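Below: one structure, written as C-alpha cells.
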Number of protein chains: 2
Amino acid sequence: MLSMTLEDYLESIFLLGRGRNPVRITDVAKKLKVKKSTVVNAIRKLQQEGFVIHERYGDILLTQKGIEMASRVYERHLAIFSFLVEILGVPEEIANKEACGIEHYIGEETAKTLSLFIEFSRLCPQLQKIIYEDFRKYKNSGTIPDICSEEGKKMLKLTQLKVGQKAIVKKIDCDRSIKSRLLTMGIVPGVEIQVEKVAPLGDPIDILVRGYHLSLRREEAQCIEVEEA
Amino acid sequence: MLSMTLEDYLESIFLLGRGRNPVRITDVAKKLKVKKSTVVNAIRKLQQEGFVIHERYGDILLTQKGIEMASRVYERHLAIFSFLVEILGVPEEIANKEACGIEHYIGEETAKTLSLFIEFSRLCPQLQKIIYEDFRKYKNSGTIPDICSEEGKKMLKLTQLKVGQKAIVKKIDCDRSIKSRLLTMGIVPGVEIQVEKVAPLGDPIDILVRGYHLSLRREEAQCIEVEEA
DNA sequence: CTTGACTGTTCGATTAATCTAACATAAAAT
DNA sequence: ATTTTATGTTAGATTAATCGAACAGTCAAG
C-alpha cells in the first residue's frame, strides 16, 4: 500500500513532529540524508495518498490516517530496536539502523508478538537473568552454563559414537563453509541424530537426522559435539 | 557492495543448486517470481562482479566468491527464520517470507548473535521451558506466569499511587493510539516511574520517567498497571 | 533431419527513487 | 524597504529493477 521508502518518510515526519514541532522539508531531508527535492517528491506522493497535508512553502502535517500509519511503523521499529538492544545486546546505534530496514519487512502479527516477547522479558526476572547472565556468558565465551546441561550426560564428538547410538547435537565447531553445509543439511544444535553406519576407517559416517539419511565426511563429523541421548 | 535484489538472486541460485543440480535461468525466474529477462539482467550483473559464471544458454554456476557470499546471506536467513519460528512461534511460511526481507538489513554481527541466541535456546532446557510454556501462555492469554511476579508486591493502576510513590510499569492495557503515545513517551513495561504531583481530580498526573517529567491524562494513567517498587 | 516446444536473449519502455542545477519564495537582517 | 540567507520547488537526468514482446538457440520426438 505504501512503499518502504514512503513509510520511512512518514515515520520521520512523525518522529520529528512529536511534541508538536512543525516539520519542514529541510528537517526531513536532513534526517533521511537525502536532497530536499527528493523530499518534495515524496511528500507529494504522501499527500496524494492522503497521509499528509502540505501547502507550498508550508509545514508538513500528518493527517489522522498518516498518524495511524506512522505509529504502526514506529511501533514495529521500537519492537525490533528493543529486541536487538535488550535481548541480543546490540549497540543502540547499530540496532537503530538495522531496525530502520527491518521494520518494513516484519508483519503486523510478528511485530505484535515481538513486542509481547520484549514485554514478557521485562516482566519476568527469571528470563532476564538467563538472558543477561547465562546467554551473555555463552555469547562471550562459548561456555554452556550449568543450568543448561542435564546431569549425567557426557559430551562426545560425533565420531566417537557407535552404530545405533542416539545423541543430541550440542555444538558445531568449525569454519564457515563446513558449518554452513551442515546447517543446510539440518544439523543444528538441539537436533537428535542417530548413527546408522560407519565405514571402515570412520569415513563416511551415515546418520539419520529428522528422518533423513545423511552421509558425513569424517572431517565434518569431527567438529560436531553431541551429548548421549 | 551488492544490492539487496542481487543478494536475493545469489541466494536463490545457491539454494537451487545445492545437491549439485545445475541451475537454469528459468528455475531462478520461477523461484523469485520474475520474468526470465529480468533474471538474465541480474545474472549479467552478478557475472560482472564475479559471483557467478554463466555462458550463453548454459547453466549458472557460483564462483567461490559467490558461494561465500550466498552462504553468508543464507545463514542470516536461517537465523532469522529460526528465531521467528522457534522463539516467537510465527508460522513457517510467514517466517520464511519475512526472513527474506530482513536478511538484507541485519548486519553480520547481529546475525551471529542471533544465531547464538537460537543455539543457546536449543541448548538450554530452562530457557526453552520459559519460552514454550510461560511466554506462549502470556502471548495467548495475557496471564503473567507465577514465576515472574515477585512475592509480596501488589499490582495497582497508576491512578492508585500516591504522590512520591515509586513503581514499576507492568502492563499497558488500552487501545493503539493511547498505547503508542505512551510508548513514545518512554512508558513501557519494566520501566520505573515516580508520581510527582496529582491534580485535584486526579487529572492530570505528573510523573517522572527516566528523569523526564510527563503529564498524563487520567484516562491514560488508568490503563497503566504498576507494581509497587 | 526437420520441427515443435521449451529455454534463453535482446531491446525498448516503465516505474520509483534519487540527484543536480536553476529558479522562486519567505523570513530575517540591515 | 531592500537585500541576504535559508528554504522550497521545478525540471531534467540517472540508476536499478522490472516488464512485454519479439527474436534466437537447444534438444528431443518423430
Side-chain angles (χ1 to χ4, degrees), chain A residues 1-17 21-62 66 69-70 73 97 100-105, chain B residues 1-14 16-17 20-62 66 69-70 73 97 100-105:
Chain A
M1 179 169 185
L2 211 46
S3 77
M4 291 175 340
T5 313
L6 290 183
E7 270 185 6
D8 275 333
Y9 283 97
L10 208 54
E11 190 188 11
S12 295
I13 297 164
F14 176 71
L15 288 175
L16 290 166
N21 307 311
V23 180
R24 283 160 345 209
I25 295 278
T26 311
D27 302 327
V28 180
K30 205 169 288 168
K31 169 137 192 166
L32 291 178
K33 300 200 177 102
V34 296
K35 292 281 131 46
K36 286 177 294 178
S37 55
T38 311
V39 177
V40 172
N41 237 300
I43 298 296
R44 184 170 307 143
K45 284 179 206 156
L46 286 174
Q47 170 132 261
Q48 272 162 20
E49 302 291 329
F51 292 102
V52 303
I53 295 169
H54 178 230
E55 291 179 46
R56 276 174 129 263
Y57 301 104
D59 292 341
I60 306 167
L61 285 176
L62 288 175
M69 179 62 125
V73 176
K97 208 153 65 184
C100 277
I102 296 173
E103 68 195 11
H104 304 295
Y105 287 99
Chain B
M1 177 172 185
L2 209 47
S3 75
M4 291 176 339
T5 313
L6 290 183
E7 270 185 7
D8 275 333
Y9 284 96
L10 208 54
E11 191 188 9
S12 295
I13 297 164
F14 176 70
L16 289 166
R20 25 195 108 59
N21 308 310
V23 180
R24 285 162 341 210
I25 296 278
T26 311
D27 302 328
V28 180
K30 206 169 287 170
K31 170 138 191 165
L32 290 178
K33 302 204 176 100
V34 296
K35 291 281 131 47
K36 286 177 295 178
S37 55
T38 312
V39 177
V40 172
N41 234 300
I43 298 297
R44 184 170 307 143
K45 284 179 205 155
L46 286 174
Q47 171 132 261
Q48 271 163 21
E49 302 291 329
F51 292 102
V52 303
I53 294 169
H54 177 230
E55 292 179 44
R56 275 174 130 263
Y57 301 106
D59 293 340
I60 306 165
L61 286 175
L62 289 173
M69 181 59 124
V73 176
K97 208 153 67 186
C100 276
I102 296 172
E103 68 195 11
H104 304 295
Y105 287 99

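A, B, ... follow the sequence lines: proteins, then strands. Residue 1 opens every chain. Remember, it's a predicted structure, so these values are computed and weren't measured experimentally.
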Between [N] atom [atom2] and [X] atom [atom1], what is the distance in whole Å?
| X | N | atom1 | atom2 | result |
| --- | --- | --- | --- | --- |
| B:R44 | D:dA17 | CZ | C1' | 14 Å |
| A:D27 | D:dA6 | CG | P | 15 Å |
| A:N41 | C:dA21 | CG | P | 18 Å |
| B:I43 | D:dA17 | CD1 | P | 13 Å |
| A:E7 | C:dA16 | CD | P | 16 Å |
| A:I60 | D:dT9 | CD1 | C1' | 13 Å |
| B:I25 | D:dT18 | CD1 | C1' | 15 Å |

For nucleotides 25-29 of chain C, list the nitrogen or oxygen atoms of the protein found under 3.5 Å from its nitrogen or oxygen atoms, one pair per line.
residue	atom	partner	partner atom	Å
C:dT25	O4'	A:Y57	OH	3.3

Q. Restricting to pairs with a member in residues 23-42 of chain B, which pass salt bridge (charged side-chain N to carboxylate O under 4.0 Å, His left out), not counting sequence neighbours?
A. B:R24-B:D27

Q) Of all the nucleotides listed (D:dA16, C:dA16, C:dG8), which has the minimum atom distance to the side chain of A:S3? A) C:dA16

Q. The side chain of B:Y9 lies closest to which of these nucleotides: C:dA16, D:dT18, D:dT9?
A. D:dT18

**Q.** Contacting residues from residues 31-39 of chain A, given that a heavy atom lies under 4.0 angstrom of DNA chain D
**A.** A:K36, A:S37

Q. Would you say A:V28 and A:V34 make side-chain contact, with heavy atoms under 4.5 Å?
A. no

Q: Nearest 0.5 Å please: distance from the CG atom of B:L46 over to the CZ atom of B:R44.
A: 11.5 Å

